[in-house]
Protein chains: 2
Amino acid sequence: MSQYEHTCLIRGDGGRTIRAVLDRICDKWTLLIVTTLDQGRLRFGDLHRQTPGISQRMLTLTLRNLERDGLVSRTVYAEVPPRVEYELTPMGRSLIAPALALGRWAMDHIDEIEASRAAYGERAG
Amino acid sequence: MSQYEHTCLIRGDGGRTIRAVLDRICDKWTLLIVTTLDQGRLRFGDLHRQTPGISQRMLTLTLRNLERDGLVSRTVYAEVPPRVEYELTPMGRSLIAPALALGRWAMDHIDEIEASRAAYGERAG
DNA sequence: CCGCATCCACCACGATACTG
DNA sequence: CAGTATCGTGGTGGATGCGG
């Protein structure tokens, strides 16, 4: 049975709605940071260490965008040295399930995708 | 109750696995084309018309990548004028559910996100 | 009708250095 | 510790024109 009924809801406007959101969460780091924050409140440095390859700059930008979009809350403590903690908002937590669904799919199919890529590369270069 | 158990699976390698897949399906058009193809077999022109804003070039590139990754099959008919049809493979169809989960989340939260953005813009410029 | 080739603009991203 | 500032680059993606 096709799921076209559901896709119609999403594609009703030619995909603009889903695109508006995808444009925001489908950058290089956002979904990764969101799933990391499922652990709970984390400091900037914790996020940095738990996200190999991210630069300070990109972590800052990603967190700012998440805060701006209402997915993450930012708490600054007036201490020395400074302490800043990030936590998912309720809306942020609601993104965890779909993000994990995509993540599980990724885990389940990465090998098949790689194999297909390799085979395609041999055929067509 | 936290879903951290599941995120651990995904983030076990620092997110490299999920990132490897996200890098491929989180471009500007891929998820949109996949959900559109849930309708069944579609011609190039159909896809073009049903995806407002996409250029011929990007549609071609997106479809090539999907074919290369084994998510879409491409059938060329030896006719004049030419006819080419695209269809999801079994793996492609398996992506529909997670894609729709994300799509539904997008639909449900776009207003809240926009509101948060507007409020943030007023506070901080 | 399908889609490739070419050219080009933009910006996402990274590296590095500096600051409260 | 948690950023900000600046610069440089590659790649994504849009416009246009051609070709089978």
Side-chain angles (χ1 to χ4, degrees), chain A residues 14-16 19-34 36-37 41-69 72-87 117 120 123-125, chain B residues 14-16 19-33 36-37 41-69 72-87 120 123-125:
Chain A
R16 269 179 227 98
R19 272 289 314 287
V21 172
L22 287 182
D23 284 348
R24 286 172 182 173
I25 65 174
C26 272
D27 58 22
K28 198 169 181 181
W29 301 106
T30 295
L31 278 183
L32 202 51
I33 298 297
V34 167
T36 302
L37 279 171
R41 238 158 205 272
L42 287 177
R43 300 183 59 163
F44 184 90
D46 294 327
L47 283 166
H48 199 195
R49 273 184 295 281
Q50 292 195 37
T51 314
I54 198 172
S55 61
Q56 271 194 341
R57 170 191 152 82
M58 287 318 297
L59 182 53
T60 300
L61 285 176
T62 303
L63 288 168
R64 282 295 172 283
N65 286 333
L66 285 170
E67 188 194 1
R68 187 184 171 101
D69 290 349
V72 159
S73 65
R74 179 173 180 267
T75 310
V76 184
Y77 295 88
E79 301 174 0
V80 178
R83 180 162 59 105
V84 182
E85 289 184 348
Y86 295 90
E87 188 179 20
R117 284 227 149 190
Y120 190 96
R123 286 197 306 275
Chain B
R16 267 176 231 100
R19 274 287 313 285
V21 172
L22 288 181
D23 284 349
R24 286 174 184 172
I25 65 175
C26 271
D27 58 21
K28 199 169 181 181
W29 301 106
T30 295
L31 279 182
L32 203 50
I33 297 298
T36 302
L37 280 172
R41 241 158 203 273
L42 287 177
R43 299 185 59 166
F44 185 90
D46 293 327
L47 282 165
H48 199 195
R49 274 183 296 279
Q50 292 195 37
T51 314
I54 199 172
S55 61
Q56 269 194 343
R57 170 189 152 83
M58 288 317 297
L59 181 54
T60 300
L61 285 177
T62 302
L63 288 168
R64 282 294 171 284
N65 286 332
L66 285 170
E67 187 193 1
R68 187 183 171 102
D69 290 349
V72 159
S73 65
R74 178 173 182 266
T75 310
V76 183
Y77 296 88
E79 302 175 358
V80 177
R83 179 162 58 107
V84 182
E85 291 182 347
Y86 296 90
E87 187 178 22
Y120 190 95
R123 286 199 305 276

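On a predicted model such as this, the values are computed, not experimentally measured, just so you know. Residue numbering restarts at 1 for every chain, and letters A, B, ... go by the order of the sequence lines.
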Quiz item: Mind checking what makes salt bridge (charged side-chain N to carboxylate O under 4.0 Å, His left out) contact with B/Arg24, not counting sequence neighbours?
Solution: A/Glu114
Exercise. Over all heavy atoms of both residues, which pair between A/Ile25 and A/Leu31 is shortest? Give the atoms and the distance, please.
Key: O-CG, 3.8 Å
Quiz prompt | Spacing of B/Glu85 atom CD relative to C/dG3 atom C1', expressed in whole Å | solution = 16 Å
Quiz item: At what angle, to 10 degrees, do the two end axes of the helix from C/dC1-D/dG20 to C/dG20-D/dC1 meet, given five pairs define each axis?
Solution: 50°
Could you list, one pair per line, each protein nitrogen or oxygen that sits under 3.5 Å from a nitrogen or oxygen of nucleotides 10-13 of chain D, together with the distance?
residue: D/dG13; atom: OP1; partner: B/Lys28; partner atom: N; Å: 3.2
residue: D/dG13; atom: N7; partner: B/Arg57; partner atom: NH2; Å: 2.6

Dump every N/O contact between nucleotides 17-20 of chain D and the protein below 3.5 Å, one line per pair.
none

Would you list the atom pairs, donor with acceptor, under 3.5 Å between side chains in residues 57-67 of chain B and any protein atom, with sequence neighbours excluded?
residue: B/Thr60; atom: OG1; partner: B/Gln56; partner atom: O; Å: 3.0
residue: B/Thr62; atom: OG1; partner: B/Met58; partner atom: O; Å: 2.7
residue: B/Asn65; atom: ND2; partner: B/Leu61; partner atom: O; Å: 3.4

Exercise. Measure the distance from CZ on A/Arg64 to C1' on C/dA12 and round it to the nearest whole Å.
Key: 18 Å
Quiz item: Rounding to a whole Å, what distance do you find between B/Glu67:CD and C/dC2:C1'?
Solution: 14 Å
Exercise. Quickly work out the A/Asn65 CG to C/dC11 P distance and round it to whole Å.
Key: 14 Å
Quiz item: Taking only N and O in the side chain of A/Arg43, is any of them less than 4.0 Å away from OP1 or OP2 of D/dA2?
Solution: yes
Quiz prompt | Whole-Å gap separating C1' (D/dG3) and CD1 (A/Ile54) | solution = 14 Å
Self-check item: Presence of A/Arg74 side-chain N/O under 4.0 Å of D/dG3 phosphate oxygens OP1/OP2
Solution: yes
Please table the atom pairs, donor to acceptor, closer than 3.5 Å between any side-chain atom in residues 74-82 of chain B and protein atoms at least two apart or in another chain.
residue: B/Arg74; atom: NE; partner: B/Tyr86; partner atom: OH; Å: 3.2
residue: B/Tyr77; atom: OH; partner: B/Arg41; partner atom: NH1; Å: 2.9
residue: B/Tyr77; atom: OH; partner: B/Glu85; partner atom: OE1; Å: 3.2
residue: B/Glu79; atom: OE1; partner: B/Arg83; partner atom: NE; Å: 3.2
residue: B/Glu79; atom: OE2; partner: B/Arg83; partner atom: NH2; Å: 2.8

Exercise. Would you indicate what A/Tyr86 reaches in the nucleic acid, counting non-hydrogen atoms under 4.0 angstrom: base, sugar-phosphate, or nothing?
Key: sugar-phosphate
Quiz item: Rounded to the nearest 0.5 Å, how far apart are CZ of A/Arg117 and CG of B/Asp69?
Solution: 4.0 Å
Quiz prompt | Atom-to-atom span, CZ of A/Arg49 to P of D/dA2 - whole angstrom | solution = 8 Å
Quiz item: Atom OH of B/Tyr77 and atom P of C/dG3: how far apart are they, to the nearest Å?
Solution: 13 Å
Exercise. Apply the test side-chain contact (heavy atoms from CB on, under 4.5 Å) to residues A/Leu37 and A/Glu87: give CA-CA distance (whole Å), side-chain angles for both, the deciding distance (0.1 Å), then the verdict.
Key: CA-CA 6 Å; A/Leu37 279 171; A/Glu87 188 179 20; 5.9 Å; no
Exercise. Whole angstrom is fine here: how far is it from CG in A/Asp46 over to P in D/dG3?
Key: 12 Å
